[in-house]
2 protein chains.
Amino acid sequence: MKEGPDIAQIGALIGDPARANMLAALTGGRALTATELAGVGGITVQTASTHLAKLEAGGLLSQRKQGRHRYFTLADEAAARLIESMMGFAAGRGHLRHRPGPKEPVLRKARICYDHLAGDYGVRMLDSLISSGSIDAIGEGLALTEKGESDLKCIGFDVGALKSSRRPLCRSCLDWSERRAHLAGSLGKALLSSFLDKGWARRTAESRSIIFSPEGDRQFLRLFPLES
Amino acid sequence: MKEGPDIAQIGALIGDPARANMLAALTGGRALTATELAGVGGITVQTASTHLAKLEAGGLLSQRKQGRHRYFTLADEAAARLIESMMGFAAGRGHLRHRPGPKEPVLRKARICYDHLAGDYGVRMLDSLISSGSIDAIGEGLALTEKGESDLKCIGFDVGALKSSRRPLCRSCLDWSERRAHLAGSLGKALLSSFLDKGWARRTAESRSIIFSPEGDRQFLRLFPLES
DNA sequence: TTCATACTTCGATCGTAACCGAAGCATCGC
DNA sequence: GCGATGCTTCGGTTACGATCGAAGTATGAA
């Protein structure tokens with residue numbers, strides 16, 4: 001009867017709407033303060049504080065004290081993947097919090113998933129990298145090819161430093177809006193960072209959405225063309 | 001605030017201990033009746049009935065009426081993967097329902113994960129297939145090689161029929177006890193079936209564990225040797 | 001038909017946990 | 001030092017949902 005890991009604990013942690021909202025907000029990758037998280041959860045700071053303590057005890061969050069603020073982030077990539085995979089499952093079953101509304105399209109187009117690009121653009125980027133032979137795909141596994149490495153170098157993107165990290169270079173992550181895979185892993189993170197650095201895109205204040213500038217949009221679409 | 005899929009719903013579904021126990025039991029792949037599930041959940045049939053109705057409404061379970069019995073199974077592979085991934089996460093965080101006890105070793109050695117082999121033997125099998133060149137692994141992706149296909153044919157195992165199915169042939173599944181990948185997908189299912197058919201192993205009555213016969217054990221270890 | 005089994009629905013109880021007000025710490029700026 | 005801000009802890013209320021007894025429905029057996 002009592003064997004194996006206790007999924008009820010984390011289930012219950014995620015099962016509270018306020019906590020779920022906070023976790024979803026943290027999927028945006030940004031570190032948020034307790035007060036901000038209380039906002040997204042729709043609750044007072046006191047309540048949020050107890051929720052956050054529970055989430056941290058459960059290994060889903062980690063916090064960093066900075067001055068009189070406390071910044072919370074998802075504990076690690078595993079936690080982020082768990083949340084994302086639940087989102088994927090929920091989306092597939094039609095468990096949406098509301099009908100697809102007017103504000104959703106921007107989120108579907110491009111958003112942050114923990115630390116990499118997701119949404120339509122995220123999926124497009126991976127598709128393009130695969131069809132150009134830069135990335136090999138086997139099932140859910142992804143691997144950067146030599147061609148991919150040199151192609152990236154051509155656009156001023158050095159992969160070498162990434163390869164030494166312990167984190168996998170390429171990883172596929174199921175996109176809940178597109179229901180297809182996009183690129184995660186350290187390469188996914190680095191690519192998104194470079195878009196932001198170059199000013200092609202920017203993050204919005206309180207949301208997970210990513211806004212491409214007209215110029216950035218052009219560059220992105222040129223760099224990652226779709227197979228016709 | 002209210003954007004994206006509602007993970008709180010499924011979180012709450014899994015978050016109840018009785019429901020979690022039922023789901024974990026169904027990870028064994030066997031279809032169980034409402035009364036049996038009430039047993040593993042430690043609750044009365046009335047309570048179980050309402051729980052099962054909720055789980056079905058949430059898309060986690062499906063039921064099949066047969067005479068006066070109602071057989072419940074996990075809704076599909078996606079549901080099974082969700083449960084398994086939560087188990088993996090929980091195990092990684094030390095959320096165990098009790099200290100590793102005396103009965104656990106047999107479960108760690110070999111058990112069913114939805115419809116394929118998991119545990120020490122499951123991991124060993126995949127490792128062996130990879131090191132012998134039968135399966136290519138890229139990250140989390142797995143692919144059967146031509147050598148693998150012919151090797152399997154040599155031991156009287158025809159892959160042809162499996163390839164036509166819509167379900168992926170090879171899939172990796174994170175093992176919560178070993179914290180490593182084992183083989184899922186239609187090939188994983190077919191291999192386990194063949195072990196059972198040949199009498200190498202049998203399932204136990206009410207548990208997920210798989211017991212190998214002495215002869216089956218020998219054959220299995222011979223067929224899937226470990227890299228030294 | 002009648003009885004037994006498997007399961008669901010109803011109704012009522014009860015416990016837990018989410019919630020907030022108020023008070024208590026900690027940190028910053030002055 | 002002082003007040004202001006950010007967050008936590010405490011206490012008490014409240015509401016939701018898990019639970020079970022009892023009654024109701026369906027299927028099978030005799």
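Within every chain, numbering begins at 1; the chains are lettered A, B, ... in the order of the sequence lines, protein sequences first and strands thereafter. Scope of the values below: all heavy atoms of this structure, side chains included, with no hydrogens, waters or symmetry mates.
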Ignoring the backbone of A:Lys54, work out which of D:dA18, C:dC19, C:dA17 is nearest its side chain.
C:dA17

Nearest-neighbour nucleotide for the B:Val45 side chain, C:dT8, D:dT19, C:dC19 considered:
C:dT8

Straight-line distance of A:Glu84 CD to B:Ser85 OG, nearest 0.5 Å
12.5 Å

Looking at A:Asp175 and A:Arg111, does any basic side-chain N land under 4.0 Å from a carboxylate oxygen?
yes

Checking B:Phe195 now: which residues fulfil ring pair (Phe, Tyr, Trp, His ring centres under 6.0 Å) with it, not counting sequence neighbours?
B:Trp200, B:Phe220

B:Asp217/B:Lys109 salt bridge by N-O under 4.0 Å criterion
yes

Calculate the interatomic distance between B:Leu13 atom CG and D:dG17 atom P; express it in whole Å.
11 Å

So, OP1 or OP2 of D:dG17: does either fall under 4.0 Å of a side-chain N or O from B:His51?
no

B:Leu55 atom CG is separated from C:dT8 atom P, nearest whole Å, by 12 Å

For A:Arg180, what residues pass the side-chain hydrogen bond (donor to acceptor under 3.5 Å, both in side chains) criterion, not counting sequence neighbours?
A:Asp127

Quick check for you: among C:dA18, D:dA18, D:dC20, whose closest atom lies nearest to any side-chain atom of A:Arg19?
C:dA18

Against the side chain of B:Ser49, the closest entry in C:dT8, D:dA18, C:dC19 is C:dT8

In residues 61-68 of chain B, which residues come under 4.0 Å of DNA chain D by heavy atom?
B:Lys65, B:Gly67, B:Arg68

I need the CG-P distance between A:Leu52 and D:dG6, as an integer number of Å.
16 Å

How many Å lie between CG on B:Leu32 and C1' on C:dA6, as a whole number?
15 Å

Taking atom P of D:dT25 as reference, at what distance in whole Å does atom CD of B:Gln46 sit?
17 Å

Rounded to whole Å, NE2 of A:His69 lies from P of C:dG29 at a distance of 10 Å

Non-hydrogen atoms of A:Leu187 and A:Cys170 that approach each other most closely:
CD2-SG, 3.9 Å

A:Arg70 atom CZ is separated from D:dG6 atom P, nearest whole Å, by 14 Å

To the nearest Å, how far apart are A:Gln9 CD and C:dT16 C1'?
15 Å

Any donor-acceptor N or O pair under 3.5 Å, side chains A:Glu215, A:Ser213
no

Phosphate contact (D:dA18 OP1 or OP2) by B:Thr47 side-chain N/O below 4.0 Å:
no

N or O in side chain of B:Thr44 less than 4.0 angstrom from D:dC20 OP1/OP2:
yes

